[in-house]
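As structure tokens, the structure follows; a few thoughts come after it.
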Amino acid sequence: MANASGLISPSIQCIRRGNLSSRGIPLSRFCTVENFTRRVIRCRAVMGAEDLALGASPLRPPHPVLSGKGCKLVGCGSALPKILISNDDLAQIVDTSDEWISVRTGIRSRRILSEDETLTGLSVDASRKALEMAQVDPNDVDLILLCTSTPDDLFGSGPQIQKELGCKKNPLSFDIRAACSGFLLGLMTAGFYIRAGGFQNVLVIGADVLSRYVDWKDRGTCILFGDAAGAVVLQACDSEEDALLGFDVHSDGDGLRHLNAPIKDDHEENALRSNGAPVLPQSPSSYSCLQMNGKEVFRFAVRCVPQSIEVSLERAGLTCSNIDWLLLHQANQRIIDAVATRLDIPPEQVISNLSSYGNTSAVSIPLALDEAVRSGKVKAGNIVATAGFGAGLTWGSAIVKWG
Ligand code: ACO
């Protein structure tokens, strides 16, 4: 893993080696500290969305110097909640219409979690399908990354997925929170764990239930989002087969004002001291509904996503003409079309399932990939340019090979 300064930290792997050793698992397949220190990623300068908008050239972090390992995408799966909400259904709740929503966004319906479903349950369903396609036994998974901004538990839901999948060897599992870029960052993180040594089968799950944080009275946002889960299995392989060909990732805290769901001031009863002052400070315990300046997020996406894909392509030594499929975070059809036009990628090479599911945040990329793979659209060896963008702000892209 790269730490905040961009340097690989040997301590993480050292701890893991210690844990494995104490659990009686042989260490031979894990890298040595000596190997680890050789794999150094140099620092990269931080550039915000605004800098990039002004035409500044993103500084190119050099590729990590890596071990001989590669990683490949060998399975995918997805799961949808039962309740389907059409645009006409929403028109009964807020002042909107099927025409407005479909023309402005491309969305026609979305799925919403019912009371007897959970994010963990959807994630487990999606993961089982991905593991089945990959022909990987749950006991052979050694890392589970749950990419979500809406876990069932504040402290994370990754370990619950590990438990419900019945992974008897206790793989490391934890959550990654990066909104609509979550899956892309999870995929990169999985690649680093595999390449940095030791991890063989990594399950990367995108799961989100934004319906929990949508203001159902705000027609500007409630029409956009849907719930779901999607998963992929990333597997260690020889470097010649490596499927993560190039990537580019960014974040910019200045953009928080455009898209956020801050912690909420709950004015609960508080015990008072004899002088009338409250014993405890106010302690907010829940989050506000999602707030978004749609126009600013739209501008940010059409500006930063094509730039990022161009950088990833350059790092992969490829050009747009090498791309078989463009698979963007499914936020708005107009964003997808604008990015495809800018990159000169024809509509028949653009994957979109937004009309059925809306913006499913960290799920949209694995969900669309799963549909495209299972329908036979994306075939083994195809090159997919993918990009995520959203709250944070965070954004990035990756050029990957399927299968
Ligand atoms: N139905 C009818 N009218 C509406 C609706 C609606 N659902 N929503 C807004 N309007 C009205 C507005 O009130 C406004 O009316 P006015 O002109 O009388 O003031 C008019 O339509 C235009 O509103 P805009 O907000 O300017 O509409 P816009 O064309 O920008 O579309 C949208 C809004 C769809 C939200 C668009 O800006 C968008 O998709 N932005 C990107 C969102 C995104 O990509 N998010 C991704 C990240 S999400 C995450 O990370 C969690």
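Both counts, for ligands and for their atoms, begin at 1 and track the order of listing.
- Counting only heavy atoms of the protein, atom 44 (O) of ligand 1 lies nearest to Ala331 CB, 3.3 Å.
- Applying the 4.0 Å criterion to heavy atoms of Thr96 picks out, from ligand 1, the atoms 1 (N), 2 (C), 6 (C), 7 (N).
- Remark: minimum distance from atom 49 (C) of ligand 1 to any protein heavy atom is reached at Cys180 SG, 2.8 Å.
- Ring geometry for Trp395 against His250 counts as parallel: the plane angle stays under 30°, on a 0 to 90° scale with 60° as the upper cut.
- Closest to atom 39 (O) of ligand 1 among all protein heavy atoms lies Asn332 ND2, 2.7 Å.
- In terms of protein heavy-atom proximity, atom 20 (C) of ligand 1 is closest to Trp100 CZ2, 4.4 Å.
- With Thr360 contributing its side chain and Ser364 its backbone, the two residues share a donor-acceptor pair below 3.5 Å.
- The shortest contact between atom 41 (C) of ligand 1 and any protein heavy atom is with Gly294 O, 3.6 Å.
- Residue Thr221 does not touch ligand 1, judged by heavy-atom distances below 4.0 Å.
- The protein does not reach atom 25 (O) of ligand 1 closely, with no heavy atom under 4.0 angstrom from it.
- Side-chain atoms of Asp142 never come within 3.5 Å of backbone atoms of Pro171 as a donor-acceptor pair (strictly under, hydrogens ignored).
- Of the protein's non-hydrogen atoms, Arg219 NH2, 3.6 Å is the one closest to atom 11 (C) of ligand 1.
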Just list the side-chain donor-acceptor pairs under 3.5 Å for residues 342-351, sequence neighbours left out, or say none.
unit_1	atom_1	unit_2	atom_2	d
Gln349	NE2	Ile323	O	2.8
Gln349	NE2	Asp324	O	3.3

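- Nearest non-hydrogen protein atom to atom 43 (C) of ligand 1 is Val297 CG1, 3.6 Å.
- A side chain to side chain donor-acceptor pair (under 3.5 Å) check over residues 72-87, counting only residues at least two apart or in different chains, returns the pairs Lys72-Glu241, Ser78-Asp370, Lys82-Asp116, Ser86-Asp89, Asn87-Asp98, Asn87-Arg110.
- Of all the heavy atoms of Asp95, the ones lying under 4.0 Å from any atom of ligand 1 belong exclusively to the backbone.
- Shortest contact from atom 46 (C) of ligand 1 to any protein heavy atom: Asn359 ND2, 3.7 Å.
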